[in-house]
> 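Before we start, here is the structure in question, set down as structure tokens.
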Amino acid sequence: MDDRTREYLKGRFGDYYRSTSLTPPPDANEREWGHIPWTPGSETTMIRHQSLYDLGDLDTFFEETAPRHAYFSAARYGNPGASTMSKKDWRSADLVFDLDADHLPSINPEEATYAEMLATCKDALERLLDFLENDFGFEDLQIVFSGGRGYHVHVRDEAVQTLDSDARREIVDYIRAIDLDTDDLIQTVSASGTTQRVLRTNGGWGARVHEALVEYAEELREMDDEDAMERLQELDGIGEGRAQTILGAFRRNPDAVSEGNLEAGGPGVRRLVDALASRVRANETSPIDEPVTTDTRRLIRLPGTLHGGSGLRVTRIDPDDLDDFDPLVDAVPDRFVGREITVATDEQRTVELRDDTFIVEPGENSVPEFVGVFLMARDEARKVPEA
């Protein structure tokens, strides 16, 4: 990034901060604060180990400093401004989750557009929230668009505050279905003098696999016998005999499937459940970034600030508004809307922002400022003097 581009972005970031007021996190005076300034050259320098007292008035600090990136700690400390971690006196920490489109197994960053990456990441976010709200029962959640390639979720329930890294890793492993085995989803119950193996249907991964089994059985019942037999035999370990037994049981006794009874249909049903469990694990896990969640001293982006790699706003999202939230519309700062600027780029760029698509040709272009800021922050364009 050249000097003109860097100074332009720093100046416009400062204009943004002069037009807004930031909301600090809870217990802001117990947090460590950090930021990355607009350092010349390719290197970035993190300035950290600061307390809110060191920063002074938060709005004034941001107006005067206009940082490229800004962070606060998930942790609360007795002495947050201490120069070493050992002297900070750690007391508690929020449970923080980070979803980054670059880490999604279904995304190839070299081929997917920015809009496609964010849409896929939002799907993963919704799966993560399902785990946090329904499996764990967390209530104090804050959802944030990171301003870059994904989303953050801050959990501030009292029960998580003092969890150590190992306990947080267990939560990560559960959400990512690490080492989850079908046996973990089955319980043995007594019914009419006999014991039966049944899926755990009252929540968690067992309920997810059971839902998949019920849907699969309904699909089979709607097929003719030939198609249903063929469908069943697509699964490993299920030949014609087992397929016939399973199909007959599903047709005769749909209540057994609804109850999660694995005895009806013979041993082939267990193989079917194994196959469905693998499919559910692949489709319903949420690929969260483990190091972020297990780190009890992590710095995370401050909502309301600008992301120096995109010019987009780090945006809090009300859970009721999540379905309608579009980061390429809702995270574009109003401060950068309504004027044109001139930028230059070495190759054609396509930018999708504010419900529009902009094709920026090689050479000098007059573009809406929010498009220019986006490209310059990504180091895909440079500022040129206005004519």
Side-chain angles (χ1 to χ4, degrees), residues 1-25 28-29 31-73 80-81 144-150 152 298-316 327-328 330-345 351 353-354 367-386:
M1 183 180 293
D2 63 26
D3 290 343
R4 179 185 289 113
T5 301
R6 183 175 57 256
E7 289 303 316
Y8 179 86
L9 289 174
K10 180 179 180 181
R12 292 301 282 151
F13 273 42
D15 291 339
Y16 165 81
Y17 287 119
R18 280 185 282 275
S19 67
T20 192
S21 182
L22 298 173
T23 301
N29 61 321
R31 312 273 186 171
E32 178 189 355
W33 293 77
H35 69 278
I36 296 177
W38 293 93
T39 309
S42 59
E43 299 298 321
T44 58
T45 302
M46 168 73 84
I47 298 175
R48 59 177 303 179
H49 302 305
Q50 294 183 301
S51 67
L52 192 61
Y53 176 81
D54 296 322
L55 268 57
D57 178 75
L58 198 62
D59 288 339
T60 302
F61 171 82
F62 276 89
E63 290 169 11
E64 295 177 349
T65 307
R68 189 171 187 174
H69 305 276
Y71 309 88
F72 69 97
S73 67
V144 179
F145 169 58
S146 72
R149 295 181 298 262
H152 301 151
R298 194 75 176 192
L299 295 182
I300 199 75
R301 291 187 184 275
L302 176 65
T305 60
L306 298 181
H307 191 296
S310 69
L312 298 177
R313 183 178 59 250
V314 182
T315 306
R316 290 186 185 88
L328 301 183
D330 300 316
V332 175
D334 291 339
R335 189 72 179 182
F336 303 153
V337 176
R339 65 189 294 252
E340 297 269 319
I341 62 170
T342 304
V343 299
T345 182
V351 178
L353 288 174
R354 286 178 60 86
V367 297
E369 185 177 31
F370 60 86
V371 174
V373 168
F374 179 79
L375 289 173
M376 289 187 290
R378 290 164 63 93
D379 207 17
E380 294 177 347
R382 58 191 178 277
K383 186 71 179 69
V384 299
E386 302 297 324

> Could you give the distance from CG (D59) to OG (S21), rounded to the nearest 0.5 Å?
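The distance works out to 3.5 Å.
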> Can you list everything that forms a salt bridge (charged side-chain N to carboxylate O under 4.0 Å, His left out) with R313? Sequence neighbours excluded, please.
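R313 satisfies salt bridge (charged side-chain N to carboxylate O under 4.0 Å, His left out) with no residue once adjacent residues are dropped.
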> Can you measure from CG (L22) to OG1 (T20) and round to the nearest 0.5 angstrom?
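Interatomic distance, L22 CG to T20 OG1, rounded to 0.5 Å: 6.0 Å.
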> As an exercise, state the distance from CZ of R12 to CG of L306, rounded to the nearest 0.5 Å.
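The CZ atom of R12 sits 10.5 Å away from the CG atom of L306.
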> Identify, with sequence neighbours excluded, every residue that meets side chain to side chain donor-acceptor pair (under 3.5 Å) alongside T45.
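Here no residue qualifies.
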> Ignoring hydrogens, what is the shortest heavy-atom contact between G147 and L312? Give both atom names and the distance.
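Distance-wise, the nearest heavy atoms are O-CB, 3.7 Å.
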> What distance separates M1 CE from R378 CZ, expressed to the nearest 0.5 Å?
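Those atoms lie 12.0 Å apart.
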> In Å and rounded to the nearest 0.5 Å, what is the CZ to CZ distance from R335 to F370?
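The CZ atom of F370 is 16.0 Å from CZ of R335, to the nearest 0.5 Å.
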> Report yes if the side chains of I300 and F72 come closer than 4.5 Å at any heavy-atom pair, otherwise no.
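Result yes, sub-4.5 Å side-chain heavy-atom pair found.
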> Pick out which of R382, K383, M376 makes a side-chain contact (heavy atoms from CB on, under 4.5 Å) with D2.
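Answer to the side-chain contact (heavy atoms from CB on, under 4.5 Å) test with D2 among R382, K383, M376: R382.
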> Return the set of residues passing ring-ring contact (aromatic ring centres under 6.0 Å, His included) with F336 (not counting sequence neighbours), or none when no residue passes.
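Testing F336 for ring-ring contact (aromatic ring centres under 6.0 Å, His included), a comparison that skips the adjacent residues, returns none.
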> Name each donor-acceptor pair under 3.5 Å that joins a side chain in residues 60-68 to protein atoms two or more places apart or in another chain, with its distance.
from: T60; atom 1: OG1; to: D57; atom 2: OD2; distance (Å): 2.8
from: T65; atom 1: OG1; to: F61; atom 2: O; distance (Å): 2.8

> Who are the ring-ring contact (aromatic ring centres under 6.0 Å, His included) partners of H307, not counting sequence neighbours?
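For H307 the ring-ring contact (aromatic ring centres under 6.0 Å, His included) partners, ignoring immediate neighbours, are H69.
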> As an exercise, state the distance from CH2 of W33 to CD1 of I47, rounded to the nearest 0.5 Å.
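Reported to 0.5 Å precision, the distance equals 15.0 Å.
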> Please identify each residue that fulfils side chain to side chain donor-acceptor pair (under 3.5 Å) with T345, with sequence neighbours left out.
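Once residues adjacent in sequence are excluded, the partners of T345 under the side chain to side chain donor-acceptor pair (under 3.5 Å) criterion are R349.
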> A377 and S310: which non-hydrogen atoms are nearest, and at how many Å?
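Distance-wise, the nearest heavy atoms are CB-N, 3.5 Å.
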